[in-house]
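Atoms within a ligand are numbered from 1 in the order they appear, just like the ligands themselves. Worth knowing before you read on, the calculation uses all heavy atoms, side chains too, and leaves out hydrogens, waters and symmetry mates. Numbers here are sequence positions counted from 1.
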Amino acid sequence: MEKPVEQVTRSDSELSKETCEAKLGKRVKGTLVLRVDATIPEIAKIQVAASVIQEGGTVAFPTETVYGLGADALNAKAVKKLFEAKRRPADNPIIVHVAGKEYVYQLARDVPKVAERLIALFWPGPLTLVLKRSKQVPDITVVGLDTIAIRMPRNKVALALLNKSGTPIAAPSANLAGKPSPTTAQHVIEDLAGRIDVVLDAGPTEIGVESTVINMTSDPPEILRPGGTSCEKLMEVLGRVKVHPLVRAEKRISLAQAVSPGMKHKHYAPEAEMIVVEGTLDKVIKKVQQLAETHATEGKKIGILATDESIFNYQADVVRSLGSRQNSSMLAKNLFELLRQFDKEKVDVIIAEGISLVGLGLAVMNRLRKASGFNIIRV
Ligand code: TXA
Ligand code: MG
């Protein structure tokens, strides 16, 4: 059993760093993996990770959305390591995570009243605000932009790490560029073991899709990426809100329309060909099964991404359910794990049912449509 923090004795704290780490966790290809209690994070383990951040290293940690790969946001050399570890394109800026509202005024300037309202209502939580950037932030963190994306996560391990580190933490999702975002520490290890210093493993994340990104430098504010905070909730507070065309991701957009640098980058795309079928459920079911049969006669291995309401209708090599259509939060939570499973099963074609755009459904459909390369059939 792992030692609770309270029992770490004086002699423990006098042990060498290596011995101490060995007692706390295990190494995978050189990366230190520390299992952490999700509700009461062990301080000794958080301290090890915080020291790595303070010394300019990289730490993967859970947030309520997905696992992030963190480095000191104010240390340019440390942030450079994030880009290298993830193989992230050098023009895609990173979200800076903070332990409290007060950090916003250190990192950003001209914070509008309406941003303060969103912060008061939605932080800590899955909402990232794009604001004008202050001089304190190194260029590399925001890839030279005049803006900065900031969020305060609500995951206890993330908050403990932020508090102990005493610095804002720049953290993109902890996957290799082009892979689905990680919702478990195992996903992080698959992608990044040997490329980063530490992984804090506190089990699967709560929400499963990334935070909503909203640009507060435009009037009205504009949603750049749908995510864990639904558009409906934001609309209730803001009254007016623009929704960028790529949020619906109904078709490919031109580079000129890409407000968020992340928009123009290749997103997760499975090895397999992927088709999304959208429409009323009975028509969708018919079309999905018909496509599955057609492709199977060509000798292809078929994967179907179904829902609880439809899964019994299908026969194919790999059939999985995202969850019930009645519960968009559950669909979001399962999405990335299932996409990774299809890749592991090495299917040739993934046929996915479209779901409703309500609630977190919009974030799910945004990821599915992009993953398919906009290969969408409407029935
Ligand atoms: O839930 C999340 O947001 C997770 C966890 C770890 O917090 N993080 C995450 O980071 O998804 P990443 O790097 O995978 O996505 C950040 C998105 C990208 O689309 C990026 O282009 C956008 O935020 N972004 C960052 N800074 C921006 C800025 N100044 N202006 C516009 N978009 C920005
Ligand atoms: Mg990402």
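Ligand 1 places these atoms under 4.0 Å from at least one heavy atom of G68: 6 (C). Near P172, the atoms of ligand 1 lying under 4.0 angstrom from a non-hydrogen atom of the residue are 10 (O), 12 (P), 13 (O). Atoms of ligand 1 found under 4.0 Å from any heavy atom of V130 (numbered from 1 in listed order, with element): 30 (N), 31 (C). Of all the atoms in ligand 1, the ones that sit under 4.0 Å from a non-hydrogen atom of L145 are 29 (N).
A donor-acceptor contact shorter than 3.5 Å links the side chain of R225 to the backbone of S211. Side chain of T31 to backbone of I196: a donor-acceptor contact under 3.5 angstrom is found. Checking side-chain atoms of T212 against main-chain N and O of G227 turns up a donor-acceptor pair under 3.5 Å.
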Going through the checks in order, is the salt bridge (Lys or Arg N to Asp or Glu O under 4.0 Å) test met by K45 and D37? CA-CA 10 Å; K45 295 177 183 179; D37 190 294; over 6 Å; no
Salt bridge (Lys or Arg N to Asp or Glu O under 4.0 Å) evaluation trace for R367 with E210: CA-CA 10 Å; R367 309 308 186 269; E210 304 90 336; 2.9 Å; yes
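For atom 28 (C) of ligand 1, the candidate residues are V213, N92, T147; the nearest heavy-atom contact is made by T147. Nearest-heavy-atom check against atom 2 (C) of ligand 1 across P93, S211, G227, A170 picks out S211.
Ion pair R133/D139 flagged as a salt bridge, since at least one NZ, NE, NH1 or NH2 atom sits closer than 4.0 Å to an Asp/Glu carboxylate oxygen. Ionic pairing of D146 and R109 is present here: one or more N-O contacts between side-chain nitrogen and carboxylate oxygen are shorter than 4.0 angstrom.
Contact annotation: for R88 versus ligand 1, heavy atoms closer than 4.0 Å belong to the side chain alone. Within the 4.0 Å heavy-atom criterion, neither part of N215 lies near ligand 1.
With no hydrogens or angles considered, a side-chain donor-acceptor pair links Y314 and E353 at under 3.5 Å. Using a 3.5 Å distance cut-off with no hydrogens or angles, the side chains of R325 and T307 do pair a donor with an acceptor.
Between T63 and ligand 1, a contact under 3.5 Å exists for no N or O pair. At least one N or O atom of H97, backbone or side chain, sits closer than 3.5 Å to an N or O atom of ligand 1.
Here the closest heavy-atom approach between residue E206 and residue K333 is recorded as O-CD, 3.5 Å.
Test E190, E271, E345 against R340 for salt bridge (charged side-chain N to carboxylate O under 4.0 Å, His left out) and you get one pass: E190.
Not a single heavy atom of V142 sits closer than 4.0 Å to an atom of ligand 1.
Protein atoms that are N, O or S and lie under 2.8 Å from the Mg ion (ligand 2) are these: S173 OG.
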